[in-house]
Amino acid sequence: MSKTIAVIRGDGIGPEIMNATLRVLDELKTGLNYEFVDAGMAAQERCGELLPQATMESIARHRVALKGPLTTPIGGGFSSLNVELRKRFDLYANVRPAITIPGTKARYDGIDLITVRENTEGAYGSEGQTLSEDGDTAHSQIKVTRRGSERIVRYAFELARRQGRKKITVVHKANIMKTTSGLFLKVAREVAAEYPEIQCNEMIVDNCCMQLVMNPQQFDVIVTTNLFGDIISDLCAGLVGGLGLAPGANIGTEAAIFEAVHGSAPDIAGKGVANPCALLLAACQMLGHLGLEDQAQRVRAAIRDVLARKDRVTPDLGGNGSTASFADALIDSLRGS
């Protein structure tokens with residue numbers, strides 16, 4: 001195949017982990033081409049904008065982007081560049097797998113779950129935010145719609161069907177947030193009825209967090225609203241070794257952006273010791289999205305192989321290697337597979 005994707009190297013450690021990731025992708029010889037565009041501080045320094053129009057046009061044209069971590073400067077015009085990208089392209093589904101990989105600092109074995117988070121409304125809609133003149137009272141609206149709820153729950157069930165997963169947990173707080181979370185739960189029940197072959201259970205968000213810590217293996221796919229999904233997906237990352245192993249996909253009908261969900265880590269930028277796993281795993285999600293699941297599985301197998309042997313891995317994973325040496329080890333593993 002010949003396919004061009006937009007590539008945003010990102011800020012901080014972004015260029016280092018992106019370089020390692022693209023080296024691994026190139027080894028697959030899939031025919032992927034890259035159009036490099038800027039966002040975040042790198043874009044601000046080059047052209048005076050955090051999200052240049054050329055970057056938006058590139059993502060719209062190619063419909064797929066691979067993105068390193070971005071830094072949103074204080075007072076930069078956007079509360080979050082990631083949130084702004086999701087809004088601009090209506091990337092309504094945030095898909096974050098959490099899978100135990102041997103050789104990491106994971107606290108549990110046998111975890112293989114996916115959090116599907118609504119990405120465009122709810123508490124992150126930033127609507128109606130006000131602060132009283134005396135600074136004592138703040139207001140912010142939470143808006144949940146039938147359309148938003150239905151499409152994210154349906155996405156979760158379709159994902160479960162494609163991947164042969166058997167169970168979906170709908171996470172909510174409808175016992176207290178009776179209108180917003182209540183609507184989400186009502187719509188989720190309606191959608192679940194259309195998928196009788198997939199088990200569906202419901203769980204209040206605070207109980208879900210406790211259950212994830214006590215017995216995470218009981219979960220398969222979790223679907224929930226924006227704020228709850230943000231919290232739960234980070235909790236799940238902690239179960240399998242941290243954000244350095246946490247990829248994320250942001251999926252819409254017209255575009256998809258794949259990213260490492262961790263920050264730009266300016267404290268280690270330029271030192272060559274950043275762990276590229278999160279971005280590599282996001283690239284695997286991207287390959288699957290492009291119909292290259294076999295190649296995605298080759299990369300995941302190489303990651304498992306290299307981590308199990310601690311072959312040239314970065315210090316956060318218990319090795320003495322560098323970002324570049326980690327990529328070297330992965331490429332060697334791919335060549336031997």
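Counting from 1, the numbers follow the sequence of the chain as shown.
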What pairs meet the salt bridge (charged side-chain N to carboxylate O under 4.0 Å, His left out) rule with one or both residues in residues 227-245, with sequence neighbours excluded?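 Salt bridge (charged side-chain N to carboxylate O under 4.0 Å, His left out) check on residues 227-245 returns R96-D234, R117-D230.
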Could you note down all residue pairs passing salt bridge (charged side-chain N to carboxylate O under 4.0 Å, His left out) where residues 274-291 supplies at least one of them, sequence neighbours left out?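 Pairs touching residues 274-291 that pass the test: none.
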Examine [X] and [Y] and state if one hydrophobic cluster contains both, with Ile, Leu, Val, Met, Phe, Trp and Tyr joined whenever side-chain heavy atoms are less than 4.5 Å apart.
| X | Y | value |
| --- | --- | --- |
| M210 | L235 | no |
| L334 | V313 | yes |
| L281 | I331 | yes |
| F184 | M177 | yes |
| V213 | I232 | yes |

Of all residues at least two apart in sequence or in a different chain, which pass the side chain to side chain donor-acceptor pair (under 3.5 Å) check with [X]?
| X | result |
| --- | --- |
| T180 | none |
| T314 | D316 |
| E293 | Q297, R300 |
| S58 | E35 |

With [X], which residues qualify under salt bridge (charged side-chain N to carboxylate O under 4.0 Å, His left out), at least two apart?
| X | value |
| --- | --- |
| D206 | K173 |
| E133 | none |
| E259 | K67, R86 |
| R309 | D305, D311 |

If you apply the rule side chain to side chain contact (heavy atoms under 4.5 Å, CB included), what do you find for L317 with F326, and how did you get there? CA-CA 11 Å; L317 294 168; F326 199 157; 3.5 Å; yes
Main-chain N/O of [Y] paired with [X] side-chain donor or acceptor, under 3.5 Å:
| X | Y | value |
| --- | --- | --- |
| N226 | G122 | no |
| Q218 | N215 | yes |
| K310 | G103 | yes |
| S264 | G12 | no |
| T323 | G272 | yes |
| N94 | E118 | no |
| Q217 | D109 | yes |
| S233 | T115 | no |

How far apart are the C-alpha atoms of E27 and R23, what are their side-chain angles, what is the distance that settles it, and do they pass the salt bridge (Lys or Arg N to Asp or Glu O under 4.0 Å) test? CA-CA 6 Å; E27 181 62 29; R23 287 181 58 210; over 6 Å; no
Counting only heavy atoms not in [X] (residues, nucleotides, ligands), do more than 12 fall under 6.0 Å from its [atom1]?
| X | atom1 | answer |
| --- | --- | --- |
| D294 | CG | no |
| N207 | CG | yes |
| N320 | CG | no |
| R46 | CZ | no |
| R107 | CZ | no |

Starting from V261, walk the hydrophobic network (Ile, Leu, Val, Met, Phe, Trp, Tyr; side-chain heavy atoms closer than 4.5 Å) and list everyone else you reach, by chain and number.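 V261 shares its hydrophobic cluster with L243.
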For [X] against [Y], the heavy-atom pair lying closest together:
| X | Y | value |
| --- | --- | --- |
| G110 | T100 | N-OG1, 3.7 Å |
| I168 | A160 | CD1-CB, 4.0 Å |
| A65 | I59 | CB-CG1, 4.1 Å |
| A278 | A246 | CB-O, 3.5 Å |
| G244 | N275 | O-ND2, 3.3 Å |
| L70 | A39 | CD2-O, 3.6 Å |

Quick one: which of I251, I152, N250 gives a side chain to side chain contact (heavy atoms under 4.5 Å, CB included) with Y92?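 Exactly one pass, corresponding to I152.
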Under the side chain to side chain contact (heavy atoms under 4.5 Å, CB included) test against T21, which residue among L280, V7, V299 passes?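 So the option named by the test is L280.
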Hey, what do you get for [atom1] ([X]) to [atom2] ([Y]), rounding to the nearest 0.5 Å?
| X | Y | atom1 | atom2 | answer |
| --- | --- | --- | --- | --- |
| L91 | I257 | CG | CD1 | 5.0 Å |
| I8 | D38 | CD1 | CG | 8.5 Å |
| I17 | L279 | CD1 | CG | 4.5 Å |

Check the pair F228, S181 against side chain to side chain contact (heavy atoms under 4.5 Å, CB included), reporting the backbone distance first and the verdict last. CA-CA 10 Å; F228 296 160; S181 209; 4.3 Å; yes
Take Y195 and E158 through the side-chain hydrogen bond (donor to acceptor under 3.5 Å, both in side chains) test and state the conclusion after the steps. CA-CA 9 Å; Y195 298 83; E158 288 294 328; 2.6 Å; yes
Just jot down the side chain to side chain contact (heavy atoms under 4.5 Å, CB included) partners of K178, sequence neighbours excluded, or say none.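 Partners of K178 under the side chain to side chain contact (heavy atoms under 4.5 Å, CB included) test: none.
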Between K167, K166, R165, which is the residue that forms a salt bridge (charged side-chain N to carboxylate O under 4.0 Å, His left out) with D112?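 When salt bridge (charged side-chain N to carboxylate O under 4.0 Å, His left out) is applied between D112 and each of K167, K166, R165, only R165 qualifies.
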Stepwise side chain to side chain contact (heavy atoms under 4.5 Å, CB included) test for V187 and V144: CA-CA 11 Å; V187 173; V144 172; over 6 Å; no
